[in-house]
Every structure is written in structure tokens, then in C-alpha cells.
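I have placed the structure first, in the form of C-alpha cells, so that the comments after it can refer back to it.
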Amino acid sequence: LSCVIVLAAGLAGCGGAAGGGDPGAKSLPMGQSCQSIRSELNRLDSRGVPNLVEKASNGSKLSDAQRAEADNYNRLLGHYLGARCHV
């Protein structure tokens, strides 16, 4: 996850002063906070879900349950990065 955060943080600077267009931080879903999302991502990290995400992105077959976990991880990560919780 830290590699993804570093990559996302690096890409966030690509617009810079030269073009901007930065829409700003997105709102988190109702009832969630940066801390609650980080806790859930940590839980999924400890269960090896990032490996499932990588397998899915490489085209490997996943069971329906594994696909659901990978999708959930990506959704949570999108909320976390979109709200700029990593900054």
C-alpha cells in the first residue's frame, strides 16, 4: 500500500503550477473517516488482499470472494487517496 500511496502522491504533483486543474480533496462516504478507512485497509493488508489486487490487475483468475475483496480494497483505497488522507 505504501508504494501505491507514494505513487499517487507523486502523480498528484504532476499538474503543479503548469496546469493545475486540481479538483481538491473529495468527501468521504457518510460515516467514514480517514482513520476508519486506514484501519480497514490495514486489516485487508494483513490478510494479503493487495496480492489479490495485483493478481487481478495481471489478469489472473480469482474466485468471486477474492474478486469482491480486491474490489473492496480498491474502493477503500480510492476513497482514502481521493480524500487525501495520505497527505
Side-chain angles (χ1 to χ4, degrees):
L1 175 65
S2 60
C3 294
V4 174
I5 292 173
V6 170
L7 176 62
L11 291 176
C14 290
D22 184 355
K26 295 180 182 175
S27 299
L28 290 172
M30 182 83 81
Q32 291 190 325
S33 67
C34 288
Q35 294 79 14
S36 67
I37 292 174
R38 179 73 252 165
S39 292
E40 183 66 12
L41 287 170
N42 286 340
R43 186 181 70 78
L44 294 171
D45 283 343
S46 70
R47 292 180 39 207
V49 175
N51 292 329
L52 297 177
V53 172
E54 186 172 342
K55 285 180 181 181
S57 71
N58 290 330
S60 296
K61 291 276 189 180
L62 299 178
S63 70
D64 289 342
Q66 290 173 321
R67 171 72 60 191
E69 283 197 318
D71 290 346
N72 184 44
Y73 187 89
N74 282 329
R75 182 184 55 79
L76 289 168
L77 185 59
H79 291 314
Y80 188 83
L81 295 175
R84 296 190 178 162
C85 294
H86 61 291
V87 177

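Atom CD of Q35 sits about 11.5 Å away from atom CG of N42, to the nearest 0.5 Å. Atom SG of residue C85 and atom CG of residue L28 lie 5.0 Å apart, to the nearest 0.5 angstrom. Of the inter-residue distances, the one linking L77 atom CG with R38 atom CZ reads 8.5 Å to the nearest 0.5 angstrom.
In terms of heavy-atom proximity, I37 sits nearest to Q32 at CD1-OE1, 3.7 Å.
Looking at residues two or more places apart in sequence or on another chain, you find a side chain to side chain donor-acceptor pair (under 3.5 Å) between E40 and R43. The side chain to side chain donor-acceptor pair (under 3.5 Å) check on N72 picks up R75, with sequence neighbours excluded.
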Enumerate donor-acceptor pairs with a distance under 3.5 Å from any side-chain N or O in residues 48-61 to protein atoms, sequence neighbours excluded.
from: S57; atom 1: OG; to: E54; atom 2: O; distance (Å): 2.8
from: N58; atom 1: ND2; to: E54; atom 2: O; distance (Å): 3.2

